[in-house]
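Notes follow once the structure below has been shown.
Read the numbers this way: they start at 1 and go in the same order the structure lists the ligands and their atoms.
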Amino acid sequence: MSLYCGTVCRRKSFWCYRLLSTYVNKTRYLFELKEDDEACRKARQAGVFYLFHDLAPLLQTSGRQYLVPRLSRAELERLLGKFGQDSQRIEDSVLIGCSNEREAWFALDLGLSSASSIHKPEVEAELGGSFISLRRAVSQLSSMDSSLLFTARALLRWHDGHQFCSKSGQPTKKNVAGSKRVCPSNNIIYYPQMAPVVITLVTDGARCLLARQSSFPKGLYSALAGFCDIGESVEEAIRREVAEEVGLEVENLQYSTSQHWPFPNSSLMIACHATVKPGQTEIQVNLRELEAAAWFSLDEVAAALMRKGSFIEQQSDGLPLLLPPKLAVAHHMIKTWVETQTCSSLAAI
Ligand SMILES: NC(=O)C1=CN([C@@H]2O[C@H](COP(=O)(O)OP(=O)(O)OC[C@H]3O[C@@H](n4cnc5c(N)ncnc54)[C@H](O)[C@@H]3O)[C@@H](O)[C@H]2O)C=CC1
Ligand SMILES: [Mg+2]
């Protein structure tokens, strides 16, 4: 049973953790760490650390998968000492989560601050791993690891880009958890930001519309995506983006799911399905935004979904269509569409 006992237990800690479900307990604990610098400092003493270098996480290879090593506080202090760094450097770490047992997890980038950047190959040799671009590693990470590393990368990048107050020009100061930065001269609080992005899988009933940008790997097609403009609702952004990019009008918008996507900046991907208006299927590609867009049949998409291996391996097997990696929300939407189409065609038999 999960119970919240409110103010009665608000003595030493914010909440009486004993009575709460594991999930609520964890959520409340993280909330406390973000709000209370002293509690977070204490948690950092016993916490574990994920290391990055210039936003690339430290990873270790295990067969076709990557493992994500973590360091205890003592191991991290030893490492910093070995490379002539003060343990003060740990102050730069940011809180990215915690275990069910309230072990706090932090991320620290050893390469971002050029004044005190640690030489990458030496750390890699010392820790028996490599700092690998998260984008490159994403298909070989478990979904739990990738979600944690996405958060860490986004937060580390945000702090790196918000060292100064945009009003006073003075240095800003992060709270211990790294959930905000404050300008000491005018008390303006800066919170980490994400840009809302709509991503839409358009169908005409039998086919789905996929598109590619010239920057995509050869053969890769994805759903239509675009940043929401100021003042727009999600529905308006979807209609505008589809019209802008492929010259079609859509209706029957249906929310599917959402995902935090850290490349290149933090985006909140809001995924929806939509259909074209009856009789409107002729694509007019906006070549300033896209290289190509086309309708794909269920068979073509289902075959592409079955393909295994990395992009490089898939590119060499000669089939024309490549789909986004499993962890991308675009993959999830395409898979959902194929499943729905397959079920409805089976039901029609
Ligand atoms: N996780 C997934 O499955 C997928 C994620 N994406 C992500 O969605 C994002 C948006 O997709 P695009 O087609 O590139 O968007 P888009 O169609 O809006 O075009 C990008 C252009 O929009 C403008 N723009 C407006 N607001 C912006 C902002 N806040 N930040 C950056 N540019 C802004 C810029 O001129 C930029 O060149 C990309 O960052 C991409 O990584 C895209 C497809 C799949
Ligand atoms: Mg786009």
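Judged by distance alone, the side chains of Glu339 and Trp337 never bring a donor and an acceptor atom under 3.5 Å apart. A donor-acceptor contact closer than 3.5 angstrom is absent between the side chains of Arg181 and Tyr190.
Met194 and Phe150 are members of different hydrophobic clusters when ILVMFWY side chains are connected at heavy-atom separations under 4.5 Å.
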In residues 257-264, what donor-acceptor pairs under 3.5 Å come from side-chain atoms, sequence neighbours left out?
| unit_1 | atom_1 | unit_2 | atom_2 | d |
| --- | --- | --- | --- | --- |
| Gln259 | OE1 | Val329 | N | 2.9 |
| Gln259 | NE2 | Leu327 | O | 2.4 |
| His260 | NE2 | Ser266 | OG | 2.7 |

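Counting only heavy atoms from C-beta outward, the side chains of Arg73 and Ile90 approach each other to under 4.5 Å. Two residues are said to be in side-chain contact when any heavy atoms from C-beta on lie closer than 4.5 Å; Arg239 and Glu249 fail this criterion. Within the 4.5 Å cutoff, the side chain of Leu67 has no heavy atoms near those of the Asp145 side chain.
Glu126 meets the salt bridge (charged side-chain N to carboxylate O under 4.0 Å, His left out) test with Lys82; sequence neighbours excluded.
Within 4.0 Å of ligand 1, contacts by protein heavy atoms are made from Ala195, Val197, Ile199, Gln213, Ser222, Ala225, Gly226, Phe227, Glu241, Glu245, Gln259, Trp261, Phe263, Pro264, Met269, Glu289, Ala328, Val329, Ala330.
For the pair Arg207 and Phe296, the cation-pi criterion (under 6.0 Å, within 45° of the ring axis) is not fulfilled.
Around the Mg ion (ligand 2), the protein atoms of type N, O or S that sit closer than 2.8 Å are Ala225 O, Glu245 OE2.
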